Amino acid sequence: MAEYNRVSECVGLITLRNPPVNALSAAVRQGIVDTVQRALSDPNVKSVVICGQNGIFCGGADIKEFGSNMTGPPLIPMIHAIESANKPVVAAIEGSALGGGLELALGCHYRIAHSKARLGLPEVSLGLLPAAGGSQLLPRLIGVPAALNLITTGRHVTAAEALQLGIVDQVTDHNTVDAAVKFALSVAGRSLDPRRISTHPCPQQPDLDAFFEEVMQKVRQSARGAIAPIACVQAVRAAATLPYAQGMERERELMATLFTSGQARALQYCFFAERAVGRWRMPSGARWDTSKPRPVHKAAVIGLGTMGRGITVALAQTGLSVIAVETQEKQLMEAKQAISAMLERGAKRRGVAPALDGVIYSQNIQAVADVDLVIEAVFEDIALKTKVFQQLSAVCKPGTLLCTNTSALDVDQLASETPNPELVVGMHFFAPAHVMKLLEVVYGPRSSPQAVATAMQLGKKMGKASVAVGNCRGFVGNRMLKPYIEEAFFLLEEGATPELVDQALEEFGFPMGVFRMSDLSGLDVGWRVRKGDGLVEPGTASGRSARIRQGRRYSPLGDLLCEEGRFGQKTGRGWYQYDKPGSRVARSDPWLHSFLGAYRAQHGLVARRIDHQEVLERCLYALINEGFHILDDGIAAGPEDIDVIYVSGYGWPRHRGGPMFYANMVGLAKVLERLEHYQQLHPEVPHLQPSSLLRRLVASGSPPIHKWGEAIKKLHSQL
Ligand SMILES: C[C@H](O)[C@H](C)C(=O)SCCNC(=O)CCNC(=O)[C@H](O)C(C)(C)COP(=O)([O-])OP(=O)([O-])OC[C@H]1O[C@@H](n2cnc3c(N)ncnc32)[C@H](O)[C@@H]1OP(=O)([O-])[O-]
């Protein structure tokens, strides 16, 4: 709702009240309509100030209302009533003015922002566009190029940038409402015509057609199949070419195409899923709101290879003091240089001073004796990690949390090497660790809820999408990736090419297909793991038996390429060829195609035509099926956990919601039917065997995804 007060004798103060972000729910909209009317009809009131309670102006339209029938006064006439008011209306912007919140402020005649405020039109990140006039008003206020940038990216700008762009009229470090009231008093009685943005002509862009063509091309490329960014460009184009009223009509038409789209539902699901994973729970019943994190003032990182360096930067950027330990002197010096450079670059980008003094470098593990939390990031070898955990147990003060950055080893086995296994959790970062959003916090059966709470809180502090998952081989992300990659290898055996498989996945929305990604991360990484699992066999045996390992179908294609020294970008040859080692532009490699032909001939395989549909069904449904196994095992608490992991760490296209949301959209019965179809064709591939949870969900009528949690609990209780 909205509260009304008269302050400073003649200023009507309207305060939005809808915690936590004063979203423009039906009640708030009604409150604004009523209080604006009251202020305008009160003869004692000379000007009006609109602000939000709790130090936040407005987080925009109430996203929770989108799924239901919208009631209450519509936004656009409400904002028009403010703009056409005969008394100056000033927006006092604290915290955030986003989406409909900024559109409300653009309807006001003046905008005063606190220096820490953030402003933006992020509707595109929800699969929408600014539909309360933002796509027509912002270009008129700040010009087409700047408005296009904000609306197609959805980025939030600082108050300083908003002032520079001309979105706000004043920035204050003091009480914003007081500053706005003082300002409102100073502009009372002034002509408001020049302040009604909708009446402004849109600044003309030279060579408009060419300009928009170029913008549309760039936006289409970066959108990778998302439809909202395209509609955003079309809406701004309307602002540049049509009178306001017609532009608003165009905005309404375009929004109608987006509002009920599957992509909008997927992106809004991601919005709430990213908030839901913070409310973690463990199979033991321990939960986020009953487990108190330990304070972490000082942390340490052991091992300063690529991952260790990124983790040190991510920790230091939170303001924590960090002890960075590397026993090899040369490696330590190189790491110090790299970390300092990363901190300086990051600080420059964020416009702050680099936290160089926050990192202390040492060759001696004794240096971590008084830290609160240690993250071990040494080479992925169980013997080495065990030795480090034993050393840490001897050196660290009681209660220090010991975390491992392993991506595949058994966290509980490492815990068993310490006297306090309850203090051990996995903190699985993704390369580059100071950039990638995802953090898998891995709890073993003996990890304490307090250890999980502490790691999750530290993850949030580092700006990570932190997801709590159970300990198992490959945790959640890598465990689901395995069948996805294996299916891609099998498709090559049956007639596909890396280009075809990658094209299908990139058209689906992945930034990179399996084989381009494999070349980037290095084929030797997977080879080492497969060797460790005893799957790699020397020589070139042929026939079906050569492709059955440990009782299941296995494709040695990746191993054979590695035996040729084809590790990908780093060797200039992999599934693709590159100009030289280290270059990133992949080109088809005739050698690879003749190698595949020879391989099929040697194994008596006949290539057949494979289309994009089959690539998507086999790679994605195999991955999704593993997701159902993970839910059934209780390794992930809910589908949101899996989807946030894949969207923030594995390049799953956000406008497709995540693997489990996608399965829900496609229809669980369809996914089951297709898995059964491929399982019949490939009985020697266990990961195509539909998960029993998937079968049970389909049998129980395929409940909608937000009901899976209770359905799974019910199904488990029936077991
Ligand atoms: C016509 C018009 O053109 C169109 C169509 C629109 O306007 S579309 C809407 C456009 N607006 C947005 O895209 C802004 C979305 N919000 C945010 O970016 C952030 O929230 C924030 C404002 C920067 C605060 O961040 P935070 O980190 O301090 O808190 P939080 O954890 O994120 O959020 C705290 C709690 O508030 C909930 N919440 C936040 N914004 C909300 C919103 N707009 N509607 C409903 N709930 C919202 C959120 O789910 C969480 O709930 P819970 O999990 O506690 O139950």
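Small disclaimer: the values here were computed from a predicted structure and weren't measured. For ligands, and for the atoms within them, numbers begin at 1 and follow the listed sequence.
- The closest side-chain heavy-atom distance from Leu121 to Glu103 is below 4.5 Å.
- Within the 4.0 angstrom cut-off, atom 25 (O) of ligand 1 has no protein heavy-atom neighbours.
- Looking at atom 36 (O) of ligand 1, its nearest protein heavy atom turns out to be Pro20 CG, 3.2 Å.
- Within ligand 1, counting atoms from 1 as listed, the ones closer than 4.0 Å to a heavy atom of Leu126 are 8 (S), 9 (C), 10 (C), 13 (O).
- Annotation: His156 places no N or O atom under 3.5 Å from an N or O atom of ligand 1; distance criterion only.
- Protein heavy atom nearest atom 32 (O) of ligand 1, with residue, atom name and distance: Arg275 NE, 2.7 Å.
- Not a single protein heavy atom sits closer than 4.0 Å to atom 29 (O) of ligand 1.
- Against a heavy-atom cut-off of under 4.0 Å, Gly60 is close to the following atoms of ligand 1: 7 (O).
- Residue contacts with ligand 1: Ile63 is placed with a nitrogen or oxygen under 3.5 Å of a nitrogen or oxygen of the ligand (distance criterion only).
- The protein heavy-atom contact nearest to atom 38 (N) of ligand 1 is Val21 CG2, 3.9 Å.
- When the side-chain hydrogen bond (donor to acceptor under 3.5 Å, both in side chains) test is applied to Ser198, the partners found at least two apart in sequence or on another chain are Glu83.
- Backbone and side-chain nitrogen or oxygen atoms of Ser125 are examined, and none is located within less than 3.5 angstrom of a nitrogen or oxygen of ligand 1.
- Residue contact check: Lys64 has heavy atoms under 4.0 Å from atoms 46 (N) of ligand 1.
- Looking at heavy atoms from C-beta onward, Tyr650 lies in side-chain contact with Leu438 at the 4.5 angstrom threshold.
- Between Arg29 and Glu65 there is a salt bridge, since a side-chain N of the basic residue sits under 4.0 Å from a carboxylate O of the acidic one.
- The closest side-chain donor-acceptor pair between Thr15 and Gln53, if any, does not fall under 3.5 angstrom.
- Evaluated by nearest non-hydrogen atom to atom 12 (C) of ligand 1, the leading choice among Gly59, Gly95, Gly133 is Gly59.
- A heavy-atom separation below 4.0 Å is found between Arg279 and ligand 1.
- No side-chain heavy atom of His156 sits under 4.5 Å from any side-chain heavy atom of Leu119.
- Side chains of Met660 and Asn664 form no contact here, defined as non-hydrogen atoms less than 4.5 Å apart.
- Annotation: Gly100 places an N or O atom under 3.5 Å from an N or O atom of ligand 1; distance criterion only.
- Figure legend: Arg265 and Tyr269 shown without cation-pi pairing, the cationic atom not lying both under 6.0 angstrom from the six-membered ring centre and within 45 degrees of its axis.
- Atoms of ligand 1 found under 4.0 Å from any heavy atom of Phe271 (numbered from 1 in listed order, with element): 15 (C), 16 (N), 17 (C), 39 (C), 40 (N), 49 (O).
- Arg155 and Asn149 share a side-chain donor-acceptor pair at under 3.5 Å.
- The ligand atoms of ligand 1 that sit less than 4.0 angstrom from a heavy atom of Leu75 are 1 (C).
- In terms of protein heavy-atom proximity, atom 43 (N) of ligand 1 is nearest to Ala61 O, 2.9 Å.
- Shown in contact with Ala131 at under 4.0 Å from a heavy atom are these atoms of ligand 1, numbered in order with element: 3 (O).
- At a 4.0 Å cut-off, not a single heavy atom of Gly134 sits close enough to ligand 1 to count as contact.
- If you look at Tyr244 and His80, their ring centroids are closer than 6.0 Å.
- Note: Phe508 and Trp652 meet the aromatic proximity criterion, with ring centroids under 6.0 Å apart.
- Below 3.5 Å of separation, one finds no N or O of Pro122 facing any N or O of ligand 1.
- Between Phe430 and Leu439, the closest side-chain pair of non-hydrogen atoms is not below 4.5 Å.
- Every atom of ligand 1 is numbered from 1 in the order shown, and the set under 4.0 Å from a heavy atom of Asp62 is 44 (N), 45 (C).
- Residues Leu137 and Leu141 fail the side-chain proximity criterion, which asks for heavy atoms closer than 4.5 Å.
- Considering backbone and side-chain atoms together, Glu103 places an N or O closer than 3.5 Å to an N or O of ligand 1.
- Distances below 4.0 Å separate heavy atoms of Leu98 from the following atoms of ligand 1: 14 (C), 18 (O), 22 (C), 23 (C).
- Ala286 meets the side chain to side chain contact (heavy atoms under 4.5 Å, CB included) test with Met282, Ser284, Ser291, Pro449; sequence neighbours excluded.
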